[in-house]
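We count ligands from 1, going down the list as the structure has it; atoms in each ligand are counted the same way.
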Amino acid sequence: MLIFPESRKKILVTGGAGFIGGAFIRNLLMTTQMKIYCIDKMGYASDLTSVTKTISLLGDKAKDRFTFINSNIADKIALEKAIDISDPDIVVHLAAESHVDRSISNPSIFVESNIIGTFNLLQSLLNHWENLTKERKNNFRIIHISTDEVFGSLGESGYFVETSSYDPRSPYSASKASADHLVKAWFHTYNLPIIVSNCSNNFGPWQFPEKLIPTAVIKASTNKNIPIYGDGRNIRDWLFVEDHVDALQAIINKGKIGESYCIGSQNEKSNKQIVQLICKVLDKQRPDLAPHSKLIKYVSDRPGHDHRYAIKPLKISRELSWKSKSNFQECLENTVIWYLNNSTWIETVMQKSNYKGERLGLNV
Ligand code: NAD
Ligand code: TYD
């Protein structure tokens with residue numbers, strides 16, 4: 001439950017039509033009375049179905065609390081207008097191009113959205129913040145959502161923590177690292193009240209079909225090969241999206257300005273392991289097609305493929321009392337079942353974005 005001070009009434013969520021932004025907004029609608037403004041350029045991965053469904057469940061009051069602004073944060077004038085309209089007390093900055101494979105094929109849009117977009121946001125918010133009343137100014141916060149990928153690639157041991165050195169290796173992570181540096185510079189130079197979070201790989205319902213978990217479910221359930229890059233030994237540290245939302249709430253409520261917090265729930269799995277777990281769930285759900293693992297196909301590796309990401313979330317646990325609450329196996333199972341039950345949504349978003357499930361990120 002969010003316990004915002006009275007003076008924090010309006011929240012601006014950038015990238016709210018994306019996977020994590022949608023989960024965050026649904027939670028705000030259900031657990032607060034805040035006025036929510038969502039700015040999104042409605043890119044290929046955007047979809048507001050989950051938010052509109054929540055609003056219709058909650059009724060007219062919720063409808064009045066939600067405003068959608070279809071704008072690109074790389075467009076300075078449009079962004080300034082959105083900030084004027086929303087007049088925010090809190091900004092949660094999630095807008096970014098987010099897929100590593102797409103960053104390999106088309107890096108320029110990552111520079112535009114993730115770096116220029118963040119720069120525009122910082123400049124516009126600095127102007128907004130400087131003109132707030134004293135009380136609103138004191139309570140104002142910007143939460144910049146980054147990724148553990150900015151720290152590079154781990155070997156078999158060790159963990160990312162807040163003091164890990166930046167060592168991005170993909171166009172995506174380099175653009176996110178650049179944004180983090182800009183954000184930290186705006187804190188140190190202009191005192192803009194910013195907090196950074198670096199989280200691990202999220203999973204859950206409503207994630208665009210290009211990422212590993214939805215890809216594996218969708219391919220296997222339609223009797224197509226499940227592509228695993230390289231030897232399948234690359235490791236990711238999986239975080240259920242609702243746990244991430246919970247951590248963001250803790251940061252908004254209790255996070256210290258100028259600090260960064262690593263968010264993860266210590267669920268390290270190799271890609272081979274996670275795909276096999278997904279296949280087991282599918283075997284239970286669709287025994288007629290078992291064993292789904294026969295569909296696993298090792299394909300050529302991602303260029304510059306980071307070997308391992310893993311977060312030690314000690315700081316957020318000690319200082320903000322946050323710990324992930326979800327049971328990984330249960331959430332993975334429910335996520336797989338969600339994709340099985342939502343084939344119409346999958347078809348709609350894939351059609352809208354002209355994504356046909358093809359391999360991305362090889363055409364360097
Ligand atoms: P997503 O791709 O599902 O959603 C991102 C949203 O941002 C999209 O709706 C897109 O249209 C919007 N957007 C992109 N550029 C924009 C621009 N220039 N102007 C306005 N809107 C723009 O991504 P996600 O998984 O929800 O990720 C959200 C944030 O979390 C990103 O900043 C990402 O880097 C970060 N993150 C994600 C993960 C993950 O596993 N998904 C892990 C770590 C960090
Ligand atoms: P992804 O979901 O794209 O997230 P990220 O690149 O941000 O970690 O990929 C997760 C892991 O799965 C990564 O090591 C690449 C791998 N992968 C596959 O093996 N096959 C696939 O089809 C995809 C999309 C990813």
Side-chain angles (χ1 to χ4, degrees), residues 13-24 38-48 69-75 78-79 82 92-104 109-110 112-118 120-121 144-150 153 170 172-173 175-176 179-180 197-204 206-216 218-219 225-239 241 244 248 263-264 269-272 274-275 296-302 304-309 311 349 353 357-361:
V13 182
T14 75
F19 165 53
I20 300 172
F24 185 66
C38 164
I39 177 169
D40 202 296
K41 69 175 180 183
M42 293 310 277
Y44 76 93
S46 309
D47 183 64
L48 282 168
I69 304 166
N70 189 341
S71 291
N72 190 326
I73 61 165
D75 175 346
L79 176 61
V92 175
H93 178 35
L94 289 143
E97 290 296 331
S98 68
H99 191 39
V100 173
D101 289 335
R102 285 183 195 256
S103 82
I104 296 167
I109 194 168
F110 285 72
E112 184 186 300
S113 281
N114 303 2
I115 307 179
I116 307 290
T118 300
N120 286 343
L121 188 71
H144 168 68
I145 287 54
S146 187
T147 165
D148 58 359
E149 304 191 23
V150 297
S153 178
S170 74
Y172 163 67
S173 55
S175 68
K176 292 295 288 185
D180 292 12
S197 68
N198 298 87
C199 66
S200 60
N201 286 61
N202 285 224
F203 74 101
W206 307 103
Q207 185 171 34
F208 189 77
E210 68 195 350
K211 301 278 169 81
L212 176 64
I213 291 179
T215 295
I218 295 164
K219 296 281 186 193
N225 285 331
I226 311 167
I228 297 188
Y229 300 169
D231 60 9
R233 290 192 187 162
N234 302 68
I235 291 168
R236 297 295 181 261
D237 182 359
W238 294 97
L239 171 68
V241 66
H244 184 195
L248 294 179
I263 309 171
K269 298 276 176 278
S270 71
N271 293 337
K272 195 173 158 182
I274 196 115
V275 169
I296 291 175
K297 188 172 179 211
Y298 292 90
V299 297
S300 55
D301 210 352
R302 169 187 280 174
H305 198 173
D306 287 341
H307 176 63
R308 173 172 166 256
Y309 306 140
I311 276 181
V349 292
S353 63
E358 66 275 20
R359 172 83 193 260
L360 300 166

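Heavy-atom proximity to L94, at under 4.0 Å, picks out these atoms of ligand 1: 28 (C), 29 (C), 31 (C), 32 (O). Contact atoms of ligand 1 toward S98: 1 (P), 2 (O), 23 (O) (distance under 4.0 Å to a heavy atom of the residue). The contact set between ligand 2 and I228, taken as ligand atoms under 4.0 Å from a residue heavy atom, comprises 19 (O). Every atom of ligand 1 is numbered from 1 in the order shown, and the set under 4.0 Å from a heavy atom of N202 is 39 (C), 40 (O), 42 (C). Those atoms of ligand 1 with a heavy atom of G15 less than 4.0 angstrom away are 6 (C), 7 (O), 12 (C). The E149 neighbourhood of ligand 2 comprises atoms 5 (P), 7 (O), 8 (O), with distances under 4.0 Å to a heavy atom of that residue. Every atom of ligand 1 is numbered from 1 in the order shown, and the set under 4.0 Å from a heavy atom of N201 is 40 (O). With ligand atoms numbered from 1 in the order given, ligand 2 contributes 13 (C), 14 (O), 15 (C) to contacts under 4.0 Å with heavy atoms of H305. Which parts of ligand 1 touch S146 is read off a 4.0 Å heavy-atom cut-off, strictly below it: atoms 43 (C), 44 (C). Close contacts of ligand 2 with E210, meaning ligand atoms under 4.0 Å from a residue heavy atom, involve 24 (C). Heavy-atom contacts of H99 reach the following atoms of ligand 2: 3 (O) (cutoff under 4.0 Å). Those atoms of ligand 1 with a heavy atom of G43 less than 4.0 angstrom away are 11 (O). Those atoms of ligand 2 that come under 4.0 Å of a heavy atom in P227, given as number and element, are 18 (C), 19 (O), 20 (N), 21 (C), 22 (O). The ligand atoms of ligand 1 that sit less than 4.0 angstrom from a heavy atom of S71 are 19 (N), 20 (C).
Heavy atoms of V100 found under 4.0 angstrom from ligand 2 belong exclusively to the side chain. Residue contacts with ligand 2 for N201 involve side-chain atoms from C-beta outward but no N, CA, C or O (heavy atoms, distance under 4.0 Å). With a 4.0 Å cut-off on non-hydrogen atoms, K176 touches ligand 1 through its side chain and not its backbone.
Between K211 and ligand 1, no pair of N/O atoms sits closer than 3.5 Å. Close N/O approach between I73 and ligand 1 is found [any backbone or side-chain N/O within under 3.5 Å]. The distance criterion of under 3.5 Å between nitrogen or oxygen atoms is met by Y229 with respect to ligand 2. Residue contacts with ligand 1: F19 is placed with a nitrogen or oxygen under 3.5 Å of a nitrogen or oxygen of the ligand (distance criterion only). Taking only nitrogen or oxygen atoms, main chain and side chain alike, Y44 does not reach within less than 3.5 Å of ligand 1. Of the polar atoms of R302, at least one N or O is found under 3.5 Å from an N or O of ligand 2, judged by distance alone. In terms of N/O distances under 3.5 Å, ligand 2 is not approached by K211. On a distance-only criterion, A95 and ligand 1 share no N/O pair closer than 3.5 Å.
Here the closest heavy-atom approach between residue L94 and residue T14 is recorded as N-OG1, 2.9 Å. Closest heavy-atom contact between I145 and V92: CD1-CG1, 3.7 Å.
N198 places a side-chain N or O within donor-acceptor distance of the main-chain N or O of T147, the cut-off being under 3.5 Å. When atom types are taken as modelled, the side chain of D101 and the backbone of R359 share no donor-acceptor pair closer than 3.5 angstrom. No donor-acceptor pair under 3.5 Å is formed between the side chain of N225 and the backbone N or O of P227. Side chain of T215 to backbone of P209: a donor-acceptor contact under 3.5 angstrom is found. Here the side chain of S200 pairs a donor or acceptor atom with the backbone of D237 at under 3.5 angstrom. Panel note: side chain S175, backbone Y172; a donor-acceptor pair is recorded below 3.5 Å.
E112 contributes atom CD, which lies 10.0 Å from atom CD1 of I73 (distance to the nearest 0.5 angstrom). To the nearest 0.5 Å, the span separating CD1 on I213 from NZ on K269 amounts to 10.5 Å. One finds the CG atom of D306 at 12.5 Å from the CD1 atom of I235 (value rounded to the nearest 0.5 Å). Within the model, atoms NZ of K176 and CG of N114 stand 5.5 Å from one another, a figure rounded to the nearest 0.5 Å. The distance from the CD1 atom of I39 to the CG atom of N72 is 8.0 Å, given to the nearest 0.5 Å.
Inter-residue side-chain proximity for F24 and V13 is flagged as met; some heavy-atom pair is nearer than 4.5 Å. Side-chain contact between I263 and L248 is present, with heavy atoms from C-beta onward closer than 4.5 Å.
Given atom 18 (N) of ligand 1, the protein heavy atom at minimum distance is N72 OD1, 2.7 Å. D40 OD1, 3.4 Å is the protein heavy atom nearest to atom 10 (C) of ligand 1. Counting only heavy atoms of the protein, atom 5 (C) of ligand 1 lies nearest to A96 O, 3.4 Å. At the shortest separation from atom 4 (O) of ligand 1 among protein heavy atoms lies G18 CA, 3.3 Å. Nearest to atom 16 (C) of ligand 2 among the protein's heavy atoms is N271 ND2, 3.4 Å. Here the heavy atom of the protein found nearest to atom 42 (C) of ligand 1 is S200 O, 3.5 Å. Protein heavy atom in closest approach to atom 35 (C) of ligand 1: I145 CG2, 3.9 Å. Regarding atom 21 (N) of ligand 1, its nearest protein heavy-atom neighbour is K41 N, 3.1 Å.
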**Item:** Residues N201, Y309; criterion side chain to side chain contact (heavy atoms under 4.5 Å, CB included); working and verdict
**Value:** CA-CA 9 Å; N201 286 61; Y309 306 140; 3.7 Å; yes
**Request:** Give the C-alpha distance, both sets of side-chain angles, the deciding distance and a yes or no for side chain to side chain contact (heavy atoms under 4.5 Å, CB included) between V100 and E149.
**Result:** CA-CA 10 Å; V100 173; E149 304 191 23; 3.3 Å; yes
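For Y44, the side-chain contact (heavy atoms from CB on, under 4.5 Å) partners at least two apart in sequence or on another chain are E97, H99, R102, F208, E210, S353.
Remark: distances from the non-hydrogen atoms of Y172 to ligand 1 include one below 4.0 Å. Under a 4.0 Å heavy-atom criterion, G16 is not in contact with ligand 1. At least one heavy atom of C199 sits under 4.0 Å from some atom of ligand 1. Using a 4.0 Å heavy-atom cutoff, R359 is absent from the residues neighbouring ligand 2.
Ring orientation note: the planes of F203 and W238 are nearly perpendicular, at an angle over 60° on the 30°/60° scale.
Across the listed options S113, G21, A78, S113 owns the non-hydrogen atom lying nearest to atom 15 (N) of ligand 1. Residue I20 holds the heavy atom nearest to atom 27 (O) of ligand 1 of all those in I20, L79, V92, T14.
Counting heavy-atom neighbours within 6.0 Å of K272 NZ, excluding the residue itself, gives a total of 12 or less.
Residues S153 and H307 bring no donor and acceptor atom of their side chains to less than 3.5 Å of each other.
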